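Working notes, beginning with the structure itself.
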Amino acid sequence: MANSKPIILLDRDGVINYDSDQYVKTLEEWVPIPGSIEAIAALSKAGFQIYVVTNQSGIARGYYDEDTLHAMHSKMTQLVEAKGGLISGIKYCPHGPNDNCQCRKPKSGMIEAIEQELGTSFQTNTQTVKAIMVGDSKRDLEAGYARGCEPALVLTGKGRDTQYKAFSFPFKVYTDLAAFSLALLHQYC
Ligand SMILES: [Mg+2]
Ligand SMILES: [Zn+2]
């Protein structure tokens, strides 16, 4: 029943690694939140497909370049693989808020790109959850909800502030990615 498991879409900063109001600009500043790497590996080993969907406007702002971003993502991927897991894909938006792109969350261009790669639509099947978007910011949940993903908030990063914001749809709340992973493993495995 592997294909009955939802696709897991993860925001990066504040979900997988510690966020910073000054942006995560260097490889050294990319530090995983305790338990997050193990959580991704556990979900992956249980048959969930994991994607990362991340706004990286620090590139447009000139705080770091794409080579540095790729180095951070290599580190993240290698840490997950060292625990026996796999990240199926990483989508990032390098644009700024005024670039009017289609990928910067709360727009859902990155999620649509994943749907295209998988040859599916997360919106078509109302019987089962086909994807879950996990984030710490309102715009993460909005981007996911707009494409039919089940929205899930973690209370790491900006999540403790986000939980009290006004939303037009319901969402689940988890302490952190480790708690999310544990809940899914119990629900689906
Ligand atoms: Mg975030
Ligand atoms: Zn973009």
Side-chain angles (χ1 to χ4, degrees), residues 7-37 39-40 43 50-70 72-73 75-77 79-80 87 89-117 131-147 149-167 169 171-181:
I7 308 291
I8 310 297
L9 310 177
L10 302 176
D11 175 44
R12 198 198 79 174
D13 299 329
V15 175
I16 302 172
N17 56 282
Y18 287 107
D19 200 3
S20 166
D21 289 338
Q22 280 75 48
Y23 293 80
V24 180
K25 301 178 294 299
T26 65
L27 186 58
E28 292 69 33
E29 289 172 358
W30 194 91
V31 178
I33 293 169
S36 71
I37 298 297
I40 295 170
L43 287 171
I50 319 279
Y51 287 84
V52 176
V53 177
T54 177
N55 284 359
Q56 292 297 327
S57 69
I59 291 175
R61 298 173 206 269
Y63 297 158
Y64 48 89
D65 60 19
E66 298 207 33
D67 285 349
T68 303
L69 186 74
H70 291 139
M72 293 179 206
H73 290 172
K75 180 177 177 179
M76 175 172 70
T77 300
L79 287 170
V80 169
I87 293 175
I90 301 171
K91 303 292 179 197
Y92 64 90
C93 165
H95 307 111
N98 301 320
D99 288 342
N100 206 22
C101 69
Q102 293 305 309
C103 37
R104 182 173 162 81
K105 294 174 284 184
K107 290 186 180 169
S108 47
M110 293 188 283
I111 299 174
E112 290 171 43
I114 294 168
E115 290 176 289
Q116 282 178 11
E117 279 181 20
I132 302 174
M133 177 72 219
V134 184
D136 69 315
S137 294
K138 186 176 178 181
R139 61 189 175 199
D140 301 321
L141 277 57
E142 288 174 336
Y145 184 74
R147 292 305 301 172
C149 306
E150 180 181 302
L153 180 73
V154 287
L155 298 179
T156 46
K158 298 181 174 71
R160 291 203 176 272
D161 294 329
T162 302
Q163 65 179 327
Y164 299 113
K165 291 187 174 174
F167 282 82
F169 52 84
F171 54 90
K172 290 187 176 167
V173 181
Y174 301 91
T175 307
D176 56 18
L177 196 54
F180 170 80
S181 167

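Note that ligands are numbered from 1 as they come in the structure, with each ligand's atoms numbered from 1 the same way. Quick caveat: nothing in here was measured; it's all calculated off a predicted structure.
Arg104 approaches Arg139 most closely through the heavy-atom pair NH2-NH1, 3.2 Å. Taking both residues in full, the closest heavy atoms of Met72 and Val24 are given as CE-O, 3.3 Å, listed atom of the first, atom of the second, then distance.
A 4.5 Å side-chain heavy-atom check between Glu66 and Tyr92 finds at least one atom pair inside the cut-off.
Our summary of the site lists the angle at the Zn ion (ligand 2) between SG of Cys103 and SG of Cys101 as 110°, to the nearest 10 degrees.
For the Mg ion (ligand 1), the set of nearby N, O or S atoms under 2.8 Å includes none belonging to Asp140. In summary, an N, O or S atom of Asp13 is located under 2.8 Å from the Mg ion (ligand 1).
Among heteroatoms of the N, O or S kind in Asp136, OD1 lies nearest the Mg ion (ligand 1). For Asp11, the N/O/S atom at the shortest distance from the Mg ion (ligand 1) is named OD2. Within His95, the N, O or S atom at minimum distance from the Zn ion (ligand 2) carries the name ND1.
Ring pair Tyr174/Phe180 is perpendicular by interplanar angle, where above 60° counts as perpendicular and below 30° as parallel.
At a cut-off of 3.5 Å, with distance as the only test, a side-chain donor of Gln56 or Tyr64 sits close to an acceptor on the other residue.
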